[in-house]
*Asks:* 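What follows is a single structure, and I will ask about it in a moment.
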2 protein chains.
Amino acid sequence: MSSITVLLVDDHLVVRSGLKALLGTQPDIEVVAEASSGEEALVAAEGHAPDVVVMDLAMGPGMDGIEAIRKLRERNRRQAVLVFTTYDSDADIVRAVDAGAMGYLLKDAAPEEIFAAVRGAVQGKSVMSPPVASRLFQQLRNPDEVLTPREAELLSLLTEGLSNRELGQRLFISEATVKTHLAHIYAKLGVETRAAAIATAIRREGMR
Amino acid sequence: MSSITVLLVDDHLVVRSGLKALLGTQPDIEVVAEASSGEEALVAAEGHAPDVVVMDLAMGPGMDGIEAIRKLRERNRRQAVLVFTTYDSDADIVRAVDAGAMGYLLKDAAPEEIFAAVRGAVQGKSVMSPPVASRLFQQLRNPDEVLTPREAELLSLLTEGLSNRELGQRLFISEATVKTHLAHIYAKLGVETRAAAIATAIRREGMR
DNA sequence: TGGTCTCTCAGCCTTTTGGCTGATACCGCA
DNA sequence: TGCGGTATCAGCCAAAAGGCTGAGAGACCA
């Protein structure tokens, strides 16, 4: 049987190097390409057609991980994408799953977890780190507090300090719509001001 | 000649694995131990007496990197500590240097930079990633941008999401004074809104 | 097919924030 | 003794944000 081919996407060379070393110990897994940005990832995925893409979400300027996942999935729905990131932010989890991610791993995951996730991904199985799974589970119980993908996207931009007008321009929606989303976000986060929402988002939601 | 012995401290196995793989390519550098927390680092440093300790600052619960650096330096001043972290927070840089760190590298540094930093550290040379160095440099040149104690106090409360009125009540000053301080803070941080100030404070200044 | 969710937009009004100018008081240091 | 830095406060005005109500379009699902 042929081995599982993997594309690594992370803007840190050290992390790619570590993942490659870890995955390299498994006879049935082969890292066939690496990329350090969303743009590079698309090119590499095109050229190498890997079975699984292991991707970080935070990747400096340019296309972010979520966007890259969406684009990858648009082009090839048989390619599984595994998120491999540092933070178990509620919003990021929701957005990544929404974008089509097959699994969500944290960087402090045990090697066996990572191997299992890669193997599971090619079989269409969804694998999550326990902390991630428990967050999703808790959200299922309190659906009222779950941000929609759009809200999460907006909150993410909010933490960059943008004004309502700028948010509207960035998302191609009117200022009125921005305010509507914000009102919903505040209610779900249990805050009353934009300042508190940003503080909550960065600290609790791990958005940075 | 004997090679340089290194202790790796990072709570992420992947990062340790990657660093080990990278450093392993150099004949004169040898990773002799690893630790995943500040506490473990102290024990490992005791047992292996490495020439250089390469350490992440953010390490989950327990002793943080800064604290670990301080303790390591207290015990053995000949042991060089290199900070190897993701964020170039002004506050973290200052605190790490203050605690006795010999160098400050970012995780997206090139391998050559890392090798050079390790070699430099044993010779008592201080090595910084360019972005880090430029931050320190800029602070020295622009003392105008350093927050006064009162301003820092206010900024800290600001990141909790308080309104001007609440800030005034908390600090026993009028709302007018709060606004004056805020205007100065915005100018020093180079932002124009409270939202951006909070984002900057939490991310860049490491206030959280 | 009807209900629910999500995303979109509008208008109106109040509160908050930010920009500006100017002022007083204290402290340390030249 | 005077100057610069810090902290305090006031008033005025414009801009931004927030609260509220209502509403249409599309997706999804029972």
Side-chain angles (χ1 to χ4, degrees), chain A residues 66 70 73-74 90-91 93-100 139-201, chain B residues 139-201:
Chain A
I66 301 283
R70 206 179 298 280
R73 297 286 297 168
E74 274 173 17
D90 287 350
I93 295 172
V94 169
R95 292 174 61 214
V97 171
D98 181 67
Q139 293 199 338
L140 287 180
R141 277 186 310 202
N142 300 17
D144 289 356
E145 295 174 11
V146 180
L147 297 181
T148 68
R150 192 57 156 173
E151 286 163 358
E153 191 180 2
L154 207 140
L155 179 58
S156 170
L157 288 176
L158 192 68
T159 65
E160 289 176 17
L162 303 188
S163 68
N164 290 350
R165 181 172 306 171
E166 291 169 321
L167 289 171
Q169 289 169 348
R170 198 74 86 82
L171 297 175
F172 304 107
I173 56 180
S174 81
E175 218 175 311
T177 305
V178 170
K179 290 171 105 176
T180 303
H181 284 310
L182 284 181
H184 293 159
I185 290 172
Y186 296 165
K188 289 181 179 180
L189 292 185
V191 300
E192 287 178 346
T193 67
R194 143 182 321 240
I198 293 174
T200 303
Chain B
Q139 289 209 333
L140 288 179
R141 268 187 324 197
N142 297 348
D144 288 357
E145 294 176 10
V146 178
L147 298 180
T148 68
R150 192 58 158 172
E151 286 163 358
E153 189 180 3
L154 208 140
L155 179 57
S156 171
L157 289 176
L158 192 66
T159 64
E160 291 177 16
L162 303 187
S163 70
N164 290 350
R165 181 171 307 168
E166 291 169 323
L167 288 171
Q169 289 169 348
R170 197 76 85 84
L171 297 174
F172 305 106
I173 56 180
S174 80
E175 216 175 311
T177 305
V178 170
K179 291 171 91 174
T180 304
H181 284 310
L182 284 181
H184 293 159
I185 290 172
Y186 296 164
K188 289 181 178 180
L189 292 185
V191 300
E192 286 176 346
T193 67
R194 138 183 326 239
I198 293 173
T200 303

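Computed over heavy atoms, backbone and side chain alike; hydrogens, waters and symmetry mates excluded.
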*Asks:* Can you name the closest pair of heavy atoms from A:Thr193 and B:Gly161 and give their distance?
*Replies:* OG1-O, 3.7 Å

*Asks:* How far does NZ of A:Lys188 sit from CD of A:Glu151, to the nearest 0.5 angstrom?
*Replies:* 3.5 Å

*Asks:* Near DNA chain D, which residues from residues 160-170 of chain B have a heavy atom under 4.0 Å away?
*Replies:*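 Under 4.0 Å from DNA chain D: no residue of residues 160-170 of chain B.
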
*Asks:* Within the 4.5 Å heavy-atom criterion, are A:Arg170 and A:Glu160 side-chain neighbours or not?
*Replies:*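 Yes, side chains in contact.
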
*Asks:* Between atom CG in B:Leu182 and atom C1' in D:dC9, what is the gap in whole Å?
*Replies:* 15 Å

*Asks:* Between D:dG19 atom C1' and A:Arg194 atom CZ, what is the distance in whole Å?
*Replies:* 15 Å

*Asks:* How long is the line joining CG of A:Leu155 and C1' of C:dC7, in whole Å?
*Replies:*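 Nearest whole value for this atom pair: 17 Å.
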
*Asks:* Nearest to the side chain of B:Ala176 - C:dC9, D:dG19, D:dA10?
*Replies:* D:dA10

*Asks:* Would you mind reading off the distance between B:Glu175 atom CD and C:dG18 atom P, rounded to a whole angstrom?
*Replies:*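 Whole-Å distance recorded here is 11 Å.
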
*Asks:* If you measure from CD on B:Glu175 to CD on B:Glu166, what distance do you get to the nearest 0.5 Å?
*Replies:*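 That separation rounds to 10.0 Å.
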
*Asks:* What is the distance, to the nearest angstrom, from the CD1 atom on A:Ile185 to the P atom on C:dT6?
*Replies:* 13 Å

*Asks:* Are any protein N/O atoms closer than 3.5 Å to N/O atoms in nucleotides 6-8 of chain D? If there are, list each pair with its distance.
*Replies:*
| residue | atom | partner | partner atom | Å |
| --- | --- | --- | --- | --- |
| D:dA7 | OP1 | B:Arg150 | N | 3.1 |
| D:dA7 | OP2 | B:Thr148 | OG1 | 2.5 |
| D:dT8 | OP1 | B:Arg150 | NE | 3.2 |
| D:dT8 | OP1 | B:Arg150 | NH2 | 2.8 |
| D:dT8 | OP2 | B:Arg150 | NE | 3.2 |
| D:dT8 | OP2 | B:His181 | NE2 | 2.7 |

*Asks:* What closest approach, in Å, do B:Leu157 and B:Leu171 show between heavy atoms, and which atom pair accounts for it?
*Replies:* CD1-CD2, 3.7 Å

*Asks:* Of the non-hydrogen atoms in B:Leu155 and B:Ala197, which two are nearest, and what is the gap between them?
*Replies:*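 Closest approach of B:Leu155 to B:Ala197: CD1-O, 4.3 Å.
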
*Asks:* So, taking the atom named CZ in B:Arg194 and the one named CD1 in B:Ile185, what distance separates them when rounded to the nearest 0.5 Å?
*Replies:*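 Rounded to the nearest 0.5 Å, the CZ-CD1 separation comes out at 9.5 Å.
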
*Asks:* When the distance from NZ of A:Lys179 to C1' of D:dG22 is rounded to whole Å, what number comes out?
*Replies:* 15 Å

*Asks:* Cut-off 3.5 Å, side chains only: do B:Thr177 and B:Ser174 have a donor facing an acceptor?
*Replies:* yes

*Asks:* Quick check for you: to the nearest 0.5 Å, what is the distance between A:Leu158 atom CG and A:Leu182 atom CG?
*Replies:* 6.0 Å

*Asks:* Check the distance between D:dA17's C1' and B:Glu192's CD and give it to me in whole angstrom.
*Replies:* 16 Å

